[in-house]
2 protein chains.
Amino acid sequence: MKHDHEGILKRVRYDLPTDEVLTDLSSLFKLFGDTTRTKILFSLFESEMCVCAIAELMGMTQSAISHQLKVLKDANLVGFRREGKTVYYFLADDHVCKIIISGFEHLLEERK
Amino acid sequence: MKHDHEGILKRVRYDLPTDEVLTDLSSLFKLFGDTTRTKILFSLFESEMCVCAIAELMGMTQSAISHQLKVLKDANLVGFRREGKTVYYFLADDHVCKIIISGFEHLLEERK
DNA sequence: CATTCATATGAATATCTGTTCATATGATAG
DNA sequence: CTATCATATGAACAGATATTCATATGAATG
């Protein structure tokens with residue numbers, strides 16, 4: 001690191017969010033960084049669903065889905081309501097949609 | 001999976017993107033799902049930078065940064081230009097910004 | 001052309017992550 | 001209260017991922 005770039009560093013450091021914010025941000029994106037979770041979120045985009053419906057839709061174990069729903073729930077990306085034995089999950093708010101859509105638009109752009 | 005939900009499944013299946021698209025989408029988000037990469041992208045948001053400046057900024061090895069830049073480069077999130085011995089990296093397009101910002105807005109909302 | 005600087009890359013390692021399996025919880029029906 | 005259905009959860013395992021270390025490449029300089 002012999003050549004100088006203190007000027008730039010100073011400016012960038014000034015504008016850079018805190019490590020805490022950056023960590024939170026990447027933790028958020030990490031949630032979308034798994035096909036199973038993305039697919040779950042996309043499904044809920046359309047309609048609330050019970051755990052076993054999601055499992056059937058995705059051709060996966062109820063357990064696997066349940067684990068992932070826990071992850072999404074802990075991050076407040078989904079909510080749920082109980083109806084008898086069945087638990088229905090739904091998208092918590094439409095920021096989720098916006099984030100996914102912003103990624104989607106990038107993909108579409110890439111493919112032009 | 002004893003109770004019925006074929007109606008919902010049919011509808012959701014119809015609207016769900018293909019597995020290929022879902023995989024691409026989560027691969028994209030996975031790129032933002034790491035603090036080091038998010039921080040790099042944020043830095044470049046402000047200004048193009050050479051590898052060793054980024055390394056210094058982040059208090060990390062040149063090698064570690066270089067590996068991550070390769071990941072971002074392979075995904076076309078960053079571009080680079082060479083100037084003598086130095087290589088400058090910059091954001092490839094502003095979809096990157098939009099994606100990060102959409103995540104950012106979610107965080108801000110969460111903290112209200 | 002030998003040396004130095006800036007960056008890239010391959011292999012190894014340690015950590016993290018997602019799924020599976022077995023089992024637990026919690027609700028309803030009989 | 002027992003059986004069954006729907007879901008949750010803990011432990012274990014396999015695969016993915018990020019960093020480190022050593023080394024390679026490639027450009028400029030004398």
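To find a chain, count down the sequence lines: A is the first, B the second, and so on, and within it residues start at 1.
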> Which angle, to the nearest 10 degrees, lies between the helix axes at the two ends of the helix from C:dC1-D:dG30 to C:dG30-D:dC1, each defined by five pairs?
Replying inline: 20°
> Just how far, in rounded Å, is C1' of C:dT19 from CD1 of A:I40?
Replying inline: 13 Å
>> Under 4.0 Å from OP1 or OP2 of C:dT7: is there any side-chain N or O of B:S66 that close?
In response: no
>> Do B:D19 and A:K39 make a side-chain contact, defined as non-hydrogen atoms from C-beta onward lying under 4.5 Å apart?
In response: yes
>> I need the CD1-P distance between B:I54 and D:dT19, as an integer number of Å.
In response: 14 Å
> Does the side chain of A:L28 come within less than 4.5 Å of A:L77's, by heavy atoms?
Replying inline: yes
> Has B:Y88 got more than 12 heavy atoms of other residues, nucleotides or ligands less than 6.0 Å from its OH?
Replying inline: yes
>> Nearest whole Å is fine: how far is C:dC5 P from B:Y88 OH?
In response: 16 Å
> Does some side-chain heavy atom of A:L72 sit less than 4.5 Å from a side-chain heavy atom of A:L44?
Replying inline: no
> Given D:dT20, is OP1 or OP2 found less than 4.0 Å from the side-chain N or O atoms of B:T61?
Replying inline: yes
>> Counting C-beta onward and ignoring hydrogens, is there a side-chain heavy-atom pair between B:M49 and B:I40 closer than 4.5 Å?
In response: no
>> Taking any heavy-atom pair under 4.0 Å as a contact, classify B:Y89: base, sugar-phosphate, or nothing.
In response: sugar-phosphate
> Got a donor-acceptor contact below 3.5 angstrom from the A:T61 side chain to the A:A64 backbone?
Replying inline: no
>> Salt bridge check, A:D15 against A:R11: does any charged N sit closer than 4.0 Å to a carboxylate O?
In response: no
> Once you round it to whole Å, what is the distance between P of D:dT17 and CD of B:Q68?
Replying inline: 11 Å
>> A side-chain contact here means heavy atoms from C-beta on lying under 4.5 Å apart; do A:R13 and A:L16 qualify?
In response: no
>> By the 4.0 Å heavy-atom rule, please label A:T86 as base, sugar-phosphate, or nothing.
In response: sugar-phosphate
>> Nearest whole Å is fine: how far is D:dT7 P from A:M60 CE?
In response: 15 Å
> Given atom CZ of B:R81 and atom C1' of C:dT7, what is their separation to the nearest angstrom?
Replying inline: 15 Å
>> OP1 or OP2 of D:dA16 versus the side-chain N and O atoms of B:K30: is any pair under 4.0 Å?
In response: no
> Can you tell me how far P of C:dT17 sits from CZ of A:F29, to the nearest Å?
Replying inline: 17 Å
Using the 3.5 Å cut-off, write out each protein N or O paired with an N or O of nucleotides 24-26 of chain D and the distance between them.
none

> Which sits closer to the 5' end of DNA chain C, B:S63 or A:R37, going by the nucleotide each is nearest to?
Replying inline: B:S63
>> With heavy-atom distances below 4.5 Å as the criterion, would you say the side chains of B:R81 and B:E48 are in contact?
In response: yes
> Has the side chain of B:H67 got a donor or acceptor atom sitting under 3.5 Å from an opposite partner on the base of D:dT20?
Replying inline: yes
> Closer than 4.0 Å, any side-chain N/O of B:Q62 to the OP1 or OP2 of C:dA6?
Replying inline: no
> Knowing that exactly one of A:N76, A:D93, A:D94, A:L25 qualifies, which makes a side-chain contact (heavy atoms from CB on, under 4.5 Å) with B:H106?
Replying inline: A:D93
> So, is B:K70 close to the C:dT7 phosphate, meaning a side-chain N or O under 4.0 Å from OP1 or OP2?
Replying inline: no
>> What is the separation between atom CG on A:L31 and atom P on C:dC16, rounded to the nearest whole Å?
In response: 16 Å
